[in-house]
2 protein chains.
Amino acid sequence: MSANSKLTIATHALAWMALNERLGGKFATSEQIAKSVATNPVVIRRLMSEMAKSGLIETQRGPGAGWRLARAPEDISLWDINEALGAEAAFALHRNEPSESCPVARGIRPALTPVYARVDDAIRRELAGTRLADVLRDTLTVSGA
Amino acid sequence: MSANSKLTIATHALAWMALNERLGGKFATSEQIAKSVATNPVVIRRLMSEMAKSGLIETQRGPGAGWRLARAPEDISLWDINEALGAEAAFALHRNEPSESCPVARGIRPALTPVYARVDDAIRRELAGTRLADVLRDTLTVSGA
DNA sequence: GGCAAATGTAACTGATTTGGTTACAGTTCT
DNA sequence: AGAACTGTAACCAAATCAGTTACATTTGCC
């Protein structure tokens, strides 16, 4: 990616749903969320579809359809969201096979793999420590709502 | 990009240079490095140019030209390399401005900004803890050289 | 002085990705 | 039966990326 904003959009959508439910709303529609995020409803549906497959949200079909959270906002971390979206590792190894005949080329990938694994672990720990409820609370504090 | 392999290529190049210098070589050329990485010399030159601007390596021009490390491999961390390459944050905020009229939309970006800053800090700490000398040592151990 | 070896960088290409959009089939409430 | 939605395919335009060609520039060496 250039930089990845999927997590931002998905978290925005879930925070909107959490507030909606708190205010007594039932199912949120892609049109409502798209309006808040300022994008196309199909973009939202694509994200929601991925999160529904991971069990983060529940789908209702037919008239009055939409989605609602499958768990409490305290029980959904940003890592859960990122994982549901099929997050990729922060750093990738070579696209092409490096040279077989060079000792550096032969050994560099096994040498970097554990480093990149530690980076991903660090990201996971950090995201797991922030939950949807935290984000919603901070969001409403900032926006004065 | 999809996943970012710039750091991998650049680290590969610097590890090659470190070994080259240890074996008595002087300046490394883009052609030599490109052969080990299995890519085009211009791709290497572009990376090296960025790292030279950040003072990680030194350029020699004219015949016998190339680059050499400006510091000892023990003094170059993966974070130094990543920074020299103009690393982007792992997660980005919305590309488009979200709706002004929605409290969630107004507050979500200030709420996520410190979370993403902590993620970037975690990445920085992890990468700063691994140095070029470590990578070269592990690389040679693995490749049996 | 002039040749030759290399970097630095612009410019172009093809492949891939992304967000946005239209379209429509499927589901289910009333 | 009709209407309100999701789910998903298909297509488009913009952006990005690796690879490539080309060439101006630098500078050691004869």
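A, B, ... follow the sequence lines: proteins, then strands. Residue 1 opens every chain.
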Measure [atom1]/[X] against [atom2]/[N] and give the value in whole Å, please.
X: A/Asn96; N: D/dG19; atom1: CG; atom2: C1'; result: 10 Å
X: A/Glu50; N: D/dT6; atom1: CD; atom2: P; result: 16 Å
X: B/Leu7; N: D/dA18; atom1: CG; atom2: P; result: 13 Å
X: A/Leu93; N: D/dA18; atom1: CG; atom2: C1'; result: 17 Å
X: A/Met51; N: D/dT8; atom1: CE; atom2: C1'; result: 17 Å
X: A/Gln60; N: C/dT27; atom1: CD; atom2: P; result: 14 Å
X: A/Ile44; N: C/dG19; atom1: CD1; atom2: C1'; result: 11 Å
X: A/Arg95; N: C/dT16; atom1: CZ; atom2: P; result: 10 Å

Going by distance alone, is a donor N or O of one side chain under 3.5 Å from an acceptor N or O of the other, for [X] and [Y]?
X: B/Ser77; Y: B/Asp80; answer: yes
X: B/His12; Y: B/Ser36; answer: yes
X: A/Arg45; Y: A/Ser30; answer: yes
X: A/Arg95; Y: B/Thr39; answer: no

Query raised in the report: So which one's nearest nucleotide on DNA chain D is more toward 5', A/Thr59 or A/Pro63?
Result: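 The answer here is A/Pro63.
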Query raised in the report: What is the minimum heavy-atom distance between A/Leu93 and B/Thr8, and which atoms define it?
Result: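 What the structure gives for the nearest pair is CA-OG1, 3.7 Å.
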[X] side-chain N/O to [N] phosphate OP1/OP2 under 4.0 Å:
X: B/Thr29; N: C/dA5; answer: no
X: B/Asn40; N: D/dT20; answer: yes
X: B/Asn4; N: D/dC17; answer: no
X: B/Lys53; N: C/dT9; answer: yes
X: B/Ser49; N: C/dT7; answer: no

Requested in this report: May I ask you to verify whether the side chain of A/Arg46 and the base of C/dT21 hold a donor-acceptor pair under 3.5 Å?
Outcome: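 A donor-acceptor contact between them is present.
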**Report entry** Side chain A/Arg61 and base C/dT27 donor-acceptor under 3.5 Å
**Finding:**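 When only heavy-atom distances are counted, A/Arg61 does not reach the base of C/dT27 through any donor-acceptor pair under 3.5 Å.
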Query - Upstream residue (5' side of DNA chain C) when A/Ala38 and A/Arg45 are each assigned their closest nucleotide - result: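 Taking each residue's closest nucleotide, the earlier one in sequence belongs to A/Ala38.
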